[in-house]
2 protein chains.
Amino acid sequence: MRDKNKMEKEKTDKKDHILDVAERVFAELGYDGASTRVISGEAGVNMAMLNYYFGSKEGVFLAIFDRRISTFQSVLLSIGNDESTSWWEKLDKYIDSYVEKVINNNCFHVMLHREISKSKKTELTDQITGIIMKNVSVLQDIVDGGIKSGEFSKDADPQFIVATVFGTKSYIVNTPHISSVIIGYDVMDAKNQDEKLKPRLKTYLKKLLKAYLQNENDNK
Amino acid sequence: MRDKNKMEKEKTDKKDHILDVAERVFAELGYDGASTRVISGEAGVNMAMLNYYFGSKEGVFLAIFDRRISTFQSVLLSIGNDESTSWWEKLDKYIDSYVEKVINNNCFHVMLHREISKSKKTELTDQITGIIMKNVSVLQDIVDGGIKSGEFSKDADPQFIVATVFGTKSYIVNTPHISSVIIGYDVMDAKNQDEKLKPRLKTYLKKLLKAYLQNENDNK
DNA sequence: TTTTATTAATCAATCGATTAATTAGTTTTG
DNA sequence: CAAAACTAATTAATCGATTGATTAATAAAA
C-alpha cells in the first residue's frame with residue numbers, strides 16, 4: 001500500500017514534470033511551433049511517452065489546462081464575494097491576487113493568451129473564453145459596483161478599464177523581448193519578477209485606476 | 001513605356017494581393033500554423049510563386065512587415081519630432097494616430113503580437129523587436145519629455161504607461177472573443193470599429209493618461 | 001530570340017503518431 | 001519463499017502525411 005502510493009506519486013510527478021516542460025515550450029514556440037520531439041527531448045523522456053500518457057499532442061495541451069484551471073479561479077472569486085470590504089479595497093485585493101497569480105504562472109498565461117487570440121472560433125476557444133470570462137466578470141462587477149455606489153467616478157468607462165488591467169499585464173508578460181527593453185531588466189527572470197515586477201505592477205495598476213476612477217470628474 | 005508601367009502595376013497588385021491573403025492567414029493560424037499551400041491556395045496562385053516573388057515563407061512574412069512598417073512609422077515619428085506642440089498635444093496626437101492606424105491594420109498587428117509573444121529568441125523576433133521599439137520609443141520620449149518639462153506628474157511610471165497604451169489596445173484587438181463579450185458588440189466588425197471602437201478607445205486612453213499623469217500628486 | 005512568369009512534379013526534412021520488442025514492477029501460484 | 005505469469009512502463013525504429021523548397025518544362029511577354 002505504501003509502495004503503491006509511492007509509485008503513483010512518482011508517476012504523477014513524472015506527468016507533472018512533462019506538463020511543466022510542455023507548458024514552457026508551448027509558451028516559447030507556440031502550439032504549432034513546439035514539436036513533440038522538442039518537448040519530450042527537453043523533458044528527458046521518450047517521445048512515445050507523451051502519447052502513452054496524454055494520447056496526443058492536443059492531449060498534452062488540454063492536460064496543461066486541466067491542471068491550472070482548478071486553482072486559478074477560486075482565489076479571485078472569493079474577493080468578489082467578500083461583502084465586508086469597500087469597493088476600493090476589493091479593487092486593491094483583486095489587483096494584488098491577480099498580479100501574483102498571473103506572474104507566477106506566466107508560461108501558462110502566455111500559452112492561454114496566444115490560443116485565444118486565434119480569430120477563428122473553435123470548441124477550445126469557446127471553452128477558454130468561458131473560463132477567462134469568469135475572472136473578467138469578477139473585476140467587472142467590482143468596477144460596476146464601485147460606480148453604482150458612488151465610490152468610483154460615474155464618468156468612467158468600466159469595460160475598457162478591464163481591458164487596461166488585463167492588457168497591461170499581458171503586454172508586459174507576453175512580449176518579454178519588448179517589455180524587458182522598455183522596463184530595463186529581464187522580465188522573464190524569476191527573481192526580477194518577485195522582487196521588482198510584481199510590486200511595481202501592483203503599485204502602478206492601483207495608482208492608475210485610482211487616478212482614473214476618482215478624479216475624472218475634476219478634469220471635465 | 002505605358003505597357004511596361006501597366007505590367008509592373010499588375011505585378012505589384014498581384015504581390016500585394018498575396019501579401020493581403022498571407023497577412024490574414026498568418027493572423028488566423030499563426031506563422032507556424034499557416035502553410036505555404038494554404039496561403040497560395042487562398043490567394044489563387046501556384047505555391048512556387050511565393051518563393052519566386054519572396055524567396056521563402058519567411059520572406060513573405062518580412063515582406064508583409066516592410067509594406068506596413070514604412071507608412072506606420074512615418075506618421076508617429078512626425079508627431080514625436082513636432083516641436084511646436086505641447087507634450088499634452090503630442091500625447092493626444094500620438095493616441096489618435098496610433099489607434100486609427102492600428103485598428104485599420106488589425107490583422108497585421110494580431111500577427112505581429114502573436115509572433116513577438118514567443119519567448120524564445122530567434123532572428124525573426126529580434127527583427128520584430130527592433131521595428132516595434134521604434135514606435136514604442138516615440139511614445140516613451142513623449143512621456144519622458146512631458147515629465148521632464150513638468151507638464152506631467154513626476155511620480156508617474158513612464159515605462160508602464162507605455163505598456164498600458166499598447167496593452168489595452170492589444171487586449172481589445174487580439175482577443176476579439178473576450179473583448180466582444182466585455183464591450184457588448186463585435187469588435188472585429190469593420191463598421192463597429194470605425195463608428196464605435198476607435199472614438200471610444202481614443203477618448204478612453206486620453207482620459208486615462210490625463211488622470212494618471214496630471215493628478216497623481218494629489219493622491220499621495 | 002531572350003527574358004520573365006507560371007505550372008506540375010518532386011525533393012529531402014520534419015511532423016505527429018504507432019508499432020513491436022524490451023525492461024521493470026506487481027501479482028499469482030506451487 | 002521463489003519461480004512463473006502478468007501488467008505497466010519504456011525504448012528504438014518506423015509509419016504515412018505534411019512541411020517548405022526546388023526543379024525542369026512550358027507559357028507569356030518583351
Side-chain angles (χ1 to χ4, degrees), chain A residues 1-19 21-26 28-65 111 114-115 122 124, chain B residues 1-19 21-23 25-26 28-65 111 114-115 118 120 122-125 127:
Chain A
M1 188 63 178
R2 193 168 41 196
D3 283 355
K4 195 177 181 181
N5 282 341
K6 187 186 168 190
M7 286 309 300
E8 285 174 355
K9 183 76 187 305
E10 284 175 356
K11 182 183 167 183
T12 302
D13 285 350
K14 191 167 189 178
K15 286 176 116 179
D16 258 349
H17 171 66
I18 293 175
L19 293 182
V21 173
E23 193 176 64
R24 198 195 73 236
V25 176
F26 278 140
E28 284 176 357
L29 304 170
Y31 180 79
D32 295 297
S35 70
T36 54
R37 281 171 178 79
V38 170
I39 295 172
S40 58
E42 295 211 12
V45 300
N46 190 281
M47 191 179 48
M49 294 305 293
L50 297 187
N51 297 85
Y52 181 75
Y53 278 141
F54 307 105
S56 65
K57 182 184 181 181
E58 189 180 326
V60 176
F61 191 80
L62 294 175
I64 294 173
F65 267 86
M111 199 186 79
R114 194 204 310 274
E115 194 58 29
T122 66
L124 187 62
Chain B
M1 187 62 177
R2 190 168 42 194
D3 282 355
K4 196 176 181 181
N5 282 343
K6 187 188 171 191
M7 285 309 301
E8 285 174 356
K9 183 74 185 307
E10 284 175 357
K11 181 182 169 184
T12 303
D13 285 349
K14 190 167 189 176
K15 286 175 121 181
D16 258 350
H17 170 67
I18 293 175
L19 294 183
V21 173
E23 193 176 63
V25 176
F26 278 140
E28 284 176 356
L29 304 171
Y31 179 79
D32 295 297
S35 70
T36 55
R37 281 171 179 78
V38 169
I39 294 172
S40 59
E42 294 210 13
V45 300
N46 190 282
M47 192 178 46
M49 293 305 294
L50 297 186
N51 297 84
Y52 181 74
Y53 277 141
F54 307 105
S56 66
K57 182 184 181 180
E58 188 179 319
V60 175
F61 192 80
L62 295 175
I64 294 173
F65 267 86
M111 184 190 89
R114 193 201 297 270
E115 287 316 306
K118 292 176 181 174
K120 194 151 208 170
T122 65
E123 209 174 313
L124 193 62
T125 57
Q127 245 175 320

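In the text below, chain A, chain B and the rest are named by the order of the sequence lines, each starting its count at 1. Basis for what follows: all heavy atoms, side chains included, without hydrogens, waters or symmetry-related copies.
Contact check of residues 34-43 of chain A against DNA chain C (heavy atom, cut-off under 4.0 Å) returns Ala34(A), Ser35(A), Thr36(A), Arg37(A).
The interatomic distance linking Met49(A) (CE) with dT11(D) (P) rounds to 7 Å, in whole Å. Put simply, NE2 on His17(A) is 12 Å from P on dT10(D), counting in whole angstrom units. Look at CG on Asn46(A): it is 13 Å from C1' on dT14(D), rounded to the nearest Å. Between Met47(B) atom CE and dT23(D) atom P the separation is 14 Å, expressed in whole Å. The interatomic distance linking Leu29(A) (CG) with dC15(C) (P) rounds to 11 Å, in whole Å. The distance from atom OH of Tyr52(A) to atom C1' of dA24(C) is 12 Å, rounded to the nearest whole Å. Atom pair Leu50(A):CG and dT11(D):P shows a separation of 11 Å (rounding to whole Å applied). Between the CZ atom of Phe61(A) and the C1' atom of dG16(C) there is a distance of 16 Å, rounded to whole Å.
Between Phe61(B) and Glu115(B), the closest side-chain pair of non-hydrogen atoms falls below 4.5 Å. For the pair Tyr53(A) and Val60(A), the minimum side-chain heavy-atom distance is 4.5 Å or more. Using a 4.5 Å heavy-atom threshold, the side chains of Lys15(B) and Phe54(B) count as touching.
Contact detail for Ala63(A) and Leu19(A): the closest heavy-atom pair is CB-CD2, 3.8 Å. Of all heavy-atom pairs spanning Ser56(A) and Asn51(A), the tightest one is CA-ND2, 3.8 Å.
Counting only residues at least two apart or in different chains, salt bridge (Lys or Arg N to Asp or Glu O under 4.0 Å) contacts with residues 30-59 of chain B comprise Arg24(B)-Glu42(B), Asp32(B)-Lys118(B).
Of the candidates dA9(D), dA17(C), dT7(C), dA17(C) carries the atom nearest the Lys57(A) side chain, counting heavy atoms from C-beta on.
Phosphate contact (OP1/OP2 of dA21(D), side-chain N/O of Asn51(B), threshold under 4.0 Å): present. For Tyr53(A), a side-chain nitrogen or oxygen approaches OP1 or OP2 of dT10(D) to under 4.0 Å. Phosphate contact (OP1/OP2 of dT10(D), side-chain N/O of Lys14(A), threshold under 4.0 Å): present.
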Under the side-chain contact (heavy atoms from CB on, under 4.5 Å) rule, what do Val45(A) and Lys14(A) come out as? Steps first, then yes or no, please.
CA-CA 9 Å; Val45(A) 300; Lys14(A) 191 167 189 178; 3.9 Å; yes
